[in-house]
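Predicted model only: the values in this text are computed from it and were never measured.
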Amino acid sequence: MTTDERRRPDARPRAFEEVLARIEERIGADGLTVGDRLPGERQLAEQLGVGRSSVREALRVLETLGVVASQAGRGPDAGAVLTSRPGNALTDLLRLHLGLATLSMREVIDTRLMIEQWAAARAAAANAAANAAAPARTAAQTEPQTAEAQTATARMAEAIAAMDAARDPAEFVEHDIAFHLALAEAAGNRLIVAVMRALRDALRRYAVDAVVRLGDTGGLQDDHRRIHRAIEDGDAGAAAAAVAEHLARAYPDSGPDS
């Protein structure tokens with residue numbers, strides 16, 4: 001990999017990143033207010049001239065940020081409802097999505113390291129507190145944040161199983177991304193999840209290259225299991241250390257001397 005390639009995680013903005021910005025423009029241009037319904041996926045895709053998958057991914061980011069709430073089903077009650085107006089925080093996030101191409105690989109990995117170590121330690125600490133209180137608490141009394149963390153931790157386990165069954169590097173990376181987003185979700189901070197999604201999408205192509213280069217994903221999977229186990233056990237220190245070891249294994253050329 002050349003120096004220029006390492007310094008540009010992805011030279012072209014992904015389609016859904018452009019869709020994010022254009023959906024924000026549409027919300028403003030159409031004068032939508034909280035409670036209004038956005039056009040359906042098909043209609044948005046036609047209006048914006050993009051694929052439905054790009055629209056779907058953009059809506060997931062907006063839902064993570066609390067800007068829209070998606071409703072399943074068909075007919076007039078289906079689709080995404082505006083739950084808050086996009087503000088400066090969303091604008092800044094969109095700029096992050098579109099500006100990641102100017103950052104070096106090391107900058108992106110360092111940011112991931114800080115975020116994921118914090119998220120893993122926080123999720124582990126939440127589990128430790130929940131485990132300590134478990135004998136005196138019924139399932140109905142479980143704190144909502146704790147329940148969300150437990151659900152996210154379960155999704156991490158599902159992603160590990162899916163990676164075990166992956167048929168090629170690209171499929172492995174898709175489930176790897178799901179694992180790391182679930183890790184961020186387990187910490188209970190929606191903005192962290194949105195930033196992590198931006199970082200992972202910027203590195204998607206290089207993540208596939210890293211898996212191809214490694215050849216054997218056994219080491220990566222061992223790392224994933226250590227991270228997951230440490231979070232479940234409530235061991236914040238072990239969880240943070242496992243994250244650091246994992247990123248060093250996945251991106252050995254992104255260190256200080258690379």
Side-chain angles (χ1 to χ4, degrees), residues 1 5-6 8-20 41 45 50-64 70 72 97 100-101 105 108-109 111-113 115-116 119-120 123 151-186 192-232 239 242-254:
M1 184 182 298
E5 285 175 328
R6 284 201 302 268
R8 296 180 64 81
D10 194 344
R12 296 177 301 172
R14 291 178 58 78
F16 91 91
E17 295 166 359
E18 298 177 350
V19 174
L20 270 173
E41 284 181 10
V50 298
R52 291 183 66 178
S53 61
S54 296
V55 170
R56 190 175 302 118
E57 194 166 0
L59 290 174
R60 278 201 297 265
V61 173
L62 293 175
E63 187 171 12
T64 297
S70 296
H97 272 276
L100 279 171
M105 177 70 80
V108 175
I109 297 301
T111 302
R112 273 194 62 189
L113 179 62
I115 289 175
E116 293 195 55
T151 299
T153 305
R155 283 201 296 273
M156 291 170 65
E158 293 171 0
I160 291 173
M163 280 184 277
D164 282 336
R167 294 164 294 183
D168 55 51
E171 185 177 347
F172 181 92
V173 168
E174 287 301 315
H175 298 302
D176 176 69
I177 290 174
F179 174 90
H180 288 276
L181 289 179
L183 166 60
E185 290 169 357
I192 288 294
V193 176
V195 173
M196 268 298 298
R197 188 183 296 278
L199 293 172
R200 287 312 311 264
D201 281 315
L203 282 177
R204 188 184 299 260
R205 177 162 58 88
Y206 288 94
V208 174
D209 290 343
V211 171
V212 172
R213 184 185 65 247
L214 287 171
D216 181 7
T217 58
L220 297 178
Q221 284 292 72
D222 288 343
D223 293 342
H224 289 142
R225 291 186 173 91
R226 277 195 294 271
I227 295 168
H228 180 259
R229 184 165 55 249
I231 290 175
E232 278 200 322
V243 166
E245 293 170 6
H246 174 59
L247 290 179
R249 185 194 307 276
Y251 301 100
D253 297 329
S254 63

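Among all heavy-atom pairs drawn from Y206 and Y251, the shortest one is O-CE2, 4.3 Å. The minimum heavy-atom distance between V211 and P169, with the atom names listed, is CG1-CB, 3.8 Å. Across all non-hydrogen atoms, the minimal contact from A120 to I231 is O-CG1, 3.8 Å. Pairing each heavy atom of R249 with each of D223, the nearest pair is NE-OD2, 2.7 Å. Nearest approach of T153 to A186, heavy atoms of both residues: OG1-CB, 4.2 Å. When all heavy atoms of A165 and E171 are compared, the pair lying nearest together is O-OE2, 4.4 Å.
Applying the salt bridge (Lys or Arg N to Asp or Glu O under 4.0 Å) rule to E174 yields the partners R204; only residues at least two apart in sequence or on another chain are considered. Qualifying salt bridge (Lys or Arg N to Asp or Glu O under 4.0 Å) partners for D164, counting only residues two or more places apart in sequence or in other chains: R225.
For the pair F172/L220, a side-chain contact is recorded, criterion being any heavy-atom separation below 4.5 Å from C-beta on. Using a 4.5 Å cut-off on side-chain heavy atoms (C-beta onward), M163 and T217 make no contact. Between I227 and E116, the closest side-chain pair of non-hydrogen atoms is not below 4.5 Å.
One distance of note links NE2 of H246 with CD of Q221; it measures 9.0 Å at 0.5 Å rounding. Rounding to the nearest 0.5 Å gives a distance of 9.0 Å between CZ of R229 and CD1 of I160. Here E41 contributes atom CD and R56 contributes atom CZ; the two are 4.5 Å apart, rounded to the nearest 0.5 Å.
At a cut-off of 3.5 Å, with distance as the only test, no side-chain donor of H224 or H175 sits close to an acceptor on the other residue.
Judged by distance alone, the side chain of R213 and the main-chain N or O of A250 form a donor-acceptor pair under 3.5 Å.
Of the residues V193, V243, I192, the one that meets the side chain to side chain contact (heavy atoms under 4.5 Å, CB included) test with I115 is I192.
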